[in-house]
A.B. asks: 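Dropping the structure in here first, questions after.
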Amino acid sequence: MKNRLSASAIVPLTFALAAMLCLVAAQFAVGAIERTAEIETRRALDESSFGWAEVTANGLQVVLLGTAPDEAQHFAALSIAGSVVDAARVVDRIEITPAEDLTPPHFLAEILRNDSGISIIGLVPAASDRTALVARLTRMAGDNQVTDLLETAAYPVPEGWERSLSFALTALEKLPRAKVSVDSGRVAITAISDSASEKSALQAELSRMTPAGVDLVLDISAPRPVITPFTLRFLIDDDGARFDSCSADTDAAARRILAAAEAAGLEDEARCTVGMGVPSPRWAEAAEASIQALAKLGEGSVTFSDADITLVASNSIESARFDRVMGELETALPDVFALNAVLSQSDAEGEGPPEFTASLDAEGKAQLRGRLSDAALREMADSYARASFGSSNVYTATRQVENLPNDWPVRVLTGLEALSKLVEGSVTVRPDAVTVTGVSERPEARSEVSQLLADKLGESGSFDLAITYREPEVIRTEAPSPEECEAQLAKIQRGGKITFEPGSATIAGASRQTMSAIVKVLDRCGEMPLEIQGHTDSQGREEMNLRLSQERADAVLAELRARRILTGSFKAVGYGASRPIADNGTEEGREENRRIEFQLISDGAADGAEGGADDDGTDSDSDGDSDSDNQDDEAGENGQ
């Protein structure tokens, strides 16, 4: 019985033992599979440079861990793992690096103003007071329309944006025709002024107004002058070839005309005024052909008054040659131009042609002599002369004759008007020509007289000019004392400071009048020990301020020398920001501190001041510490 029980227990024990062996074998098999999957997956990821990924195996599952730099690498890691084991066995526990905050957009606004209104377009911060901005533009536009095309973005307001926008609006109030681009710390202005003088004034004013930290870019253009009539006059005579007047519609046309004149014998330097009002875009072509024709003749004059051309040749030229050259010129001229060709004739025997003369001496005394057509013309000529030269300075000794040309009154009054532009000289009126000779103290007088005669005498009016320029005489009085001179120089400076181009030692064109007034005072004062002092505000490094102030003082000294002032006893010294006369903490104070001063050098004055040093020989201290390219160093110091 006992043996039967032992035999019956053997079978279950055998099954139990087999089960245990199977379980152990299964565990070993699963472990081997886990290790193989983990190792192969790890190797595949490392070979693809995915070192950030971690791999663990859990049974038949492969778990991916780690932080992927971005979504693309996250997806790539899953794909690599799925190529090693069944993708269904891959468990994704990878995290992705959070995306950084988006870069703020570029805020930029452009404002366009013209006669029809104001428009503004661009992207501005949502925190900006858009309502106040549009309201200010509406007040500026008046009855005109304001077009608001702005968009906003909810990002922090960039540094310098509000300063730039505020300055741009202030500048726009002074510019009825302009485009203003506003950026953080930068304002670009493109505008049109009515004249060159207004352009200079606007440039100086806007540069002075520019706040610290704002980069100003200016592009202001001035229209070309309107020339009426559009005039050109070129002569060849015993004195050589020359222009009495020259106008052109473009710089290229001016170069073309001058080149033709040089080929015709022009040796002296000449200039053509570029302006508007040309009667034809082929002006240069017509001028070139006419000058070439005159050069072929060798002597005479050619005068343009708009599209009317008068060419007067010397009576020494043969008629056949004259006719041939004029025929060639008429063929070459553009259709709009009309040619009046005249071959001068010798004066007839006897009394000679009728003549009227008017003369003006150096003391301002005028005399009218010769023939006039009637009493009305005599009264008109006398009245015009008294109005031009003074009632007590006119002596009239004319006589009335008959059979004078119909245009005699116009020629006489035009001649008197031409004489009024001279300081001394004479005008001779004949039926075939008007001759003006004399001296002017204005360089542009010759061109003005030429334009006047061409306009008033018409296409058949021939004239000759012999006008020379003379610098105005300086009226000298008893020289004032050095102290009086110093006071007068200070008074001039109070009325108008000497200013410079931004960030440079170039004297601005707007200071020309101030420099002329200073030159007049110094010319009367003669030699005296005078120090020309250059001063800056505290915006900028000490060494830069010292250098700039010295260069500006030197520039003033050089300008005085160029204007023939004796400067042997003068000294130019730059003091930088060491001698402020106002608070450098305000724009108004900095404007006062940027200056040029004239100060008498007293006996025993310290030489150590040279170059901006203090009396103890140490360099002056400057409280500024901004970079040399700081905009306030440049635009801010434009005021001095």
Side-chain angles (χ1 to χ4, degrees), residues 1-109 121-130 150-162 164 182-186 213 627:
M1 182 69 177
K2 182 177 181 180
N3 291 336
R4 273 200 307 271
L5 289 172
S6 299
S8 62
I10 292 174
V11 174
L13 291 173
T14 301
F15 278 106
L17 179 61
M20 292 179 62
L21 291 173
C22 288
L23 178 62
V24 171
Q27 288 177 344
F28 276 108
V30 170
I33 293 172
E34 286 181 348
R35 286 192 297 275
T36 300
E38 180 177 341
I39 292 171
E40 292 300 325
T41 304
R42 174 74 269 167
R43 180 184 296 114
L45 290 171
D46 287 342
E47 289 176 352
S48 299
S49 300
F50 286 85
W52 51 266
E54 298 292 338
V55 182
T56 61
N58 184 8
L60 296 178
Q61 291 181 331
V62 175
V63 181
L64 296 185
L65 303 169
T67 303
D70 52 47
E71 185 61 40
Q73 294 201 41
H74 171 213
F75 180 79
L78 292 176
S79 298
I80 292 172
S83 66
V84 177
V85 299
D86 187 355
R89 294 166 51 193
V90 178
V91 178
D92 178 16
R93 293 182 182 175
I94 297 174
E95 297 181 352
I96 301 175
T97 302
E100 298 181 358
D101 294 337
L102 295 177
T103 303
H106 182 199
F107 291 111
L108 178 68
I121 186 172
L123 181 66
V124 300
S128 297
D129 193 342
R130 178 175 179 174
L150 284 177
E151 296 182 2
T152 59
Y155 284 86
V157 179
E159 176 67 24
W161 171 262
E162 295 295 344
S164 298
V182 184
D183 203 341
S184 301
R186 184 178 185 272
D627 293 336

A.B. asks: Heavy atoms, side chains only, cut-off 4.5 Å: are Phe107 and Val157 in contact?
C.D. replies: no
A.B. asks: Say you draw a straight line from CD of Glu95 to CH2 of Trp52; how long is it, rounded to the nearest 0.5 Å?
C.D. replies: 11.0 Å
A.B. asks: What's the shortest heavy-atom distance between Ser184 and Glu159, and which atoms?
C.D. replies: CB-O, 3.7 Å
A.B. asks: State, to 0.1 Å, how close Glu54 and Arg42 come at their nearest heavy-atom pair, and which atoms those are.
C.D. replies: CA-NH1, 3.8 Å
A.B. asks: To check you understand the geometry: which heavy-atom pair defines the closest contact between Arg130 and Thr152, and what is its length?
C.D. replies: NH1-CG2, 3.9 Å
A.B. asks: Taking atom OG1 of Thr56 and atom CZ of Arg93, what is their separation to the nearest 0.5 Å?
C.D. replies: 7.0 Å
A.B. asks: Is there a side-chain contact between Val55 and Leu64 in this structure, where contact means two heavy atoms from C-beta onward sitting under 4.5 Å apart?
C.D. replies: yes
A.B. asks: Could you tell me whether the side chain of Asp183 reaches within less than 4.5 Å of the side chain of His106, counting heavy atoms only?
C.D. replies: yes
A.B. asks: Could you give the distance from CG (Leu65) to CD1 (Ile94), rounded to the nearest 0.5 Å?
C.D. replies: 8.0 Å
A.B. asks: I need the Glu151 CD to Ile121 CD1 distance, nearest 0.5 Å.
C.D. replies: 8.0 Å
A.B. asks: Which heavy-atom pair separates Arg186 from Ser164 by the least distance, and what is that distance?
C.D. replies: N-OG, 3.4 Å
A.B. asks: Does CD belonging to Glu71 count more than 12 external heavy atoms closer than 6.0 Å?
C.D. replies: yes
A.B. asks: Considering non-hydrogen atoms only, spot the tightest contact between Leu45 and Ala77 and give its length.
C.D. replies: CD2-O, 3.9 Å
A.B. asks: How close do Phe50 and Ile80 get, counting heavy atoms only, and between which atoms?
C.D. replies: CE1-CD1, 3.6 Å
A.B. asks: Using a 4.5 Å cut-off on heavy atoms from C-beta on, say whether the side chain of Val62 contacts that of Val84.
C.D. replies: no
